[in-house]
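Throughout, numbering of the chain's residues begins at 1 and tracks the sequence.
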Amino acid sequence: MSKDTSFTYSYSAAENKEIQEIRKKYLPQSESRMDELKRLDGRVQSAGVTAALCTGIGGLLIFGLGMCLVMQTLGNGALFILAGIFTGIAGIAGMGAAYPLYRLLYNRAKKKAAPRILELTSELIDEIMNER
């Protein structure tokens, strides 16, 4: 009467990690203070980027249209050259406005988020100092 009393166990760290990652997706999400701080900082850093890019690229396209008019690619005559000069100047103004627009929107977002960011950083610094 031989009884097989062996025990087999297999563990895979990769599978366990994948299971934990999938499980984490379905647990109720609670944002830690550090996560909130990173999210707020990221929002401030990216504020104004889209508007500035659209303004700069739009200005560049208008400038290119002006160049086409001046070089008489799209038409002939002094009227097209004059229109091209004014169109090019408008394009240059659009490109030049992109960075000040970015700074304006960035500073607004920074001013809006500063109190909460400073509050979170002081809480986290105090927490770190109390652990030591």
Side-chain angles (χ1 to χ4, degrees):
M1 292 207 183
S2 110
K3 292 184 179 178
D4 188 14
T5 58
S6 65
F7 177 74
T8 58
Y9 177 75
S10 64
Y11 174 77
S12 170
E15 283 181 3
N16 188 30
K17 182 179 178 185
E18 185 177 355
I19 291 169
Q20 291 298 331
E21 287 175 2
I22 292 172
R23 184 175 190 273
K24 193 186 301 184
K25 291 180 194 176
Y26 295 96
L27 289 174
Q29 299 296 320
S30 62
E31 187 176 50
S32 70
R33 290 182 296 188
M34 188 64 184
D35 292 337
E36 183 183 2
L37 180 63
K38 288 178 183 178
R39 181 180 50 81
L40 288 172
D41 184 50
R43 186 181 296 162
V44 168
Q45 295 300 322
S46 65
V49 171
T50 304
L53 280 173
C54 289
T55 303
I57 292 170
L60 180 66
L61 292 172
I62 292 170
F63 179 73
L65 175 65
M67 285 180 54
C68 287
L69 290 171
V70 167
M71 293 187 305
Q72 298 182 357
T73 305
L74 297 177
N76 292 324
L79 187 61
F80 283 100
I81 292 174
L82 191 61
I85 291 171
F86 289 119
T87 305
I89 290 171
I92 291 171
M95 289 186 289
Y99 185 70
L101 177 65
Y102 166 75
R103 292 303 300 176
L104 175 76
L105 296 175
Y106 171 78
N107 287 332
R108 279 187 190 167
K110 187 176 172 183
K111 185 176 180 181
K112 183 178 177 184
R116 182 64 183 149
I117 289 176
L118 292 174
E119 178 184 333
L120 284 170
T121 52
S122 34
E123 287 175 8
L124 290 168
I125 289 171
D126 289 343
E127 185 178 300
I128 291 169
M129 296 306 268
N130 289 335
E131 287 178 1
R132 292 182 182 178

(request) Could you note down all residue pairs passing salt bridge (charged side-chain N to carboxylate O under 4.0 Å, His left out) where residues 17-30 supplies at least one of them, sequence neighbours left out? (result) none

(request) Starting at OG of S122, measure out to CE of M129 and round the result to the nearest 0.5 Å. (result) 13.0 Å

(message) For a quick test of reading the model, state the closest non-hydrogen atom pair linking G84 to V70 and the distance between them.
(response) C-CG2, 3.5 Å

(message) Between L61 and L65, is there a side-chain heavy-atom distance shorter than 4.5 Å?
(response) no

(request) List, by chain and number, the other hydrophobic cluster members for Y102, where Ile, Leu, Val, Met, Phe, Trp and Tyr join if side-chain heavy atoms come within less than 4.5 Å, directly or indirectly. (result) M34, L37, L40, V44, V49, L53, Y99, Y106, I117, L120, L124

(message) With rounding to the nearest 0.5 angstrom, report the OG1 to CZ distance, T121 to R116.
(response) 10.0 Å

(request) Group every Ile, Leu, Val, Met, Phe, Trp and Tyr by side-chain heavy-atom contacts under 4.5 Å, then state whether L69 and I92 land in the same group. (result) no

(request) Drop me the distance from R108's CZ to R103's CZ, to the nearest 0.5 angstrom. (result) 13.5 Å

(message) With a sphere of 6.0 Å drawn around CD of E15, does it hold more than 12 non-hydrogen atoms of other residues, nucleotides or ligands?
(response) no

(request) Heavy atoms only: give me the nearest A97-P100 pair and the separation to one decimal. (result) O-CD, 3.4 Å

(message) Checking one residue: I22. Which other hydrophobic residues are in its cluster under the side-chain 4.5 Å linking rule?
(response) Y26

(message) Taking the side chain as everything from C-beta on, heavy atoms only, tell me whether T87 gets closer than 4.5 Å to I62.
(response) yes

(request) Nearest 0.5 Å please: distance from the CD atom of E119 over to the CD atom of E36. (result) 8.5 Å

